[in-house]
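Atom set for the values below is all heavy atoms of this structure, side chains included, hydrogens, waters and symmetry mates excluded.
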There are 2 protein chains.
Amino acid sequence: MVDALRQGQYRITPQRLAILKVLAESKGHPSVESIFEQVKPNFPTTSLATIYKNVAVLKELGQVLELGFSDGSNRYDGKKPWDHPHVVCTVCKKILDPDIAALEDMTQELARVTGFTITRHRLDFFGICPDCQNKK
Amino acid sequence: MVDALRQGQYRITPQRLAILKVLAESKGHPSVESIFEQVKPNFPTTSLATIYKNVAVLKELGQVLELGFSDGSNRYDGKKPWDHPHVVCTVCKKILDPDIAALEDMTQELARVTGFTITRHRLDFFGICPDCQNKK
DNA sequence: CTCCCTGCAAACTATTTGCACCGTC
DNA sequence: GACGGTGCAAATAGTTTGCAGGGAG
């Protein structure tokens, strides 16, 4: 990930490393705000603008995947920066990355039915996770 | 659709009728701006705020489906106001509503693998439509 | 006649930009 | 030492809200 930056002619600054670290290590799908919160302890002067700028750079390099939701929230995925389905718990906001065999079938069926050449996709399923179902 | 408004204790104003008409008749998936443009000729004093307010009402009543995209654009669907997949042409911005048999399989596979109770989904595929492929 | 609705403008929020200083290379 | 990056504050864009007057019921 650091190599990707170097090869892109970008400088390695401490702030950048800190942002990378959050994206690479967090199990979940952090928001800009949440990255900000995690970087601030180490670099108290860091501003939100810096997070935005660097996330944009990483997005450009294909190192993170941006997930914009209709409620205005933006989440980022530094673990699997390519198109993949998401399952979102509408109660606790947890996001899972399931492996779905039927996806390939579906894409091919789509191409056949519509005549489109499919290049990207964005699949989100919403529901209630096992944990939240039990808490009822 | 008008009945839905009436039963929801909402008043039938000319502006509302005009907005309904655009949503019900347009083949595509109009944006707020595009609804605005189509309503303006009949009601030149109409403001964007009115469109937003009424679209929100219709969304609440389940009469339209809101499609927010990550590029900030919002489109609305008054023809099929329920969850269904979309195929978006990245060249001409056309949106299709394909019928996909594999969707049901996929949802069941998801529920089985993750333990989630799936309640809603949002599936968008991006690619190039036949028309735009030929224009190359 | 009562309210809800409209339309204007102002408020809001998330993101982006301009610019002076700083630190990497 | 040059120049890209940072951090602050101000600008921006899309959407929402407050309020006064108007029209539906």
Where B:A4 and B:L61 come nearest, the two heavy atoms and their spacing: O-CD1, 3.9 Å

Assuming nearest nucleotide by heavy-atom distance, tell me which of B:R11 and B:L48 is located more 5' along DNA chain D. B:L48

Does the base of D:dG4 carry an N or O that pairs as donor and acceptor with the side chain of A:K53 under 3.5 Å? no

Just so I know, are the side chains of B:L20 and B:L58 near enough to count as touching, which here means a heavy-atom distance under 4.5 Å? yes

When the distance from CD of A:Q15 to C1' of D:dG4 is rounded to whole Å, what number comes out? 13 Å

Any idea how B:F126 and B:F69 line up, ring-wise: parallel (<30°), tilted (30 to 60°), or perpendicular (>60°)? perpendicular

In this structure, how many angstroms lie between the P atom of D:dG25 and the CG atom of B:L5, rounded? 11 Å

Over how many whole Å does the gap from A:Y52 atom OH to D:dC8 atom P extend? 16 Å

Would you tell me if any nitrogen or oxygen in the side chain of B:N74 comes within less than 4.0 Å of OP1 or OP2 on D:dT15? yes

Check B:D77 with B:R75, please: is the shortest side-chain N to carboxylate O separation under 4.0 Å? no

Output the rounded distance in Å from NZ (A:K40) to P (D:dG7). 12 Å

Does A:T45 reach a base, just sugar-phosphate, or nothing at all? Heavy atoms under 4.0 Å. sugar-phosphate

Determine the contact category for A:I12: base if any of its heavy atoms lies under 4.0 Å from a base atom, sugar-phosphate if only primed atoms, P, OP1 or OP2 are that close, otherwise nothing. sugar-phosphate

Mind calculating the distance between CD (A:E33) and C1' (C:dT13) to the nearest angstrom? 11 Å

Rounded to whole Å, please give me the gap between OH in B:Y10 and C1' in D:dG25. 17 Å

With a cut-off of less than 4.0 Å, is there a side-chain N or O of A:Q9 near OP1 or OP2 of D:dC3? no

Check: B:H121 main-chain N/O paired with B:D83 side-chain donor or acceptor under 3.5 Å: yes

Closest to the B:N54 side chain: C:dT6, D:dT17, D:dA24? C:dT6

Please state how far atom CZ in A:F43 lies from atom P in D:dG5, giving the value in whole angstrom units. 16 Å

Distance, rounded to the nearest Å, where A:F36 contributes CZ and C:dT16 contributes P: 15 Å

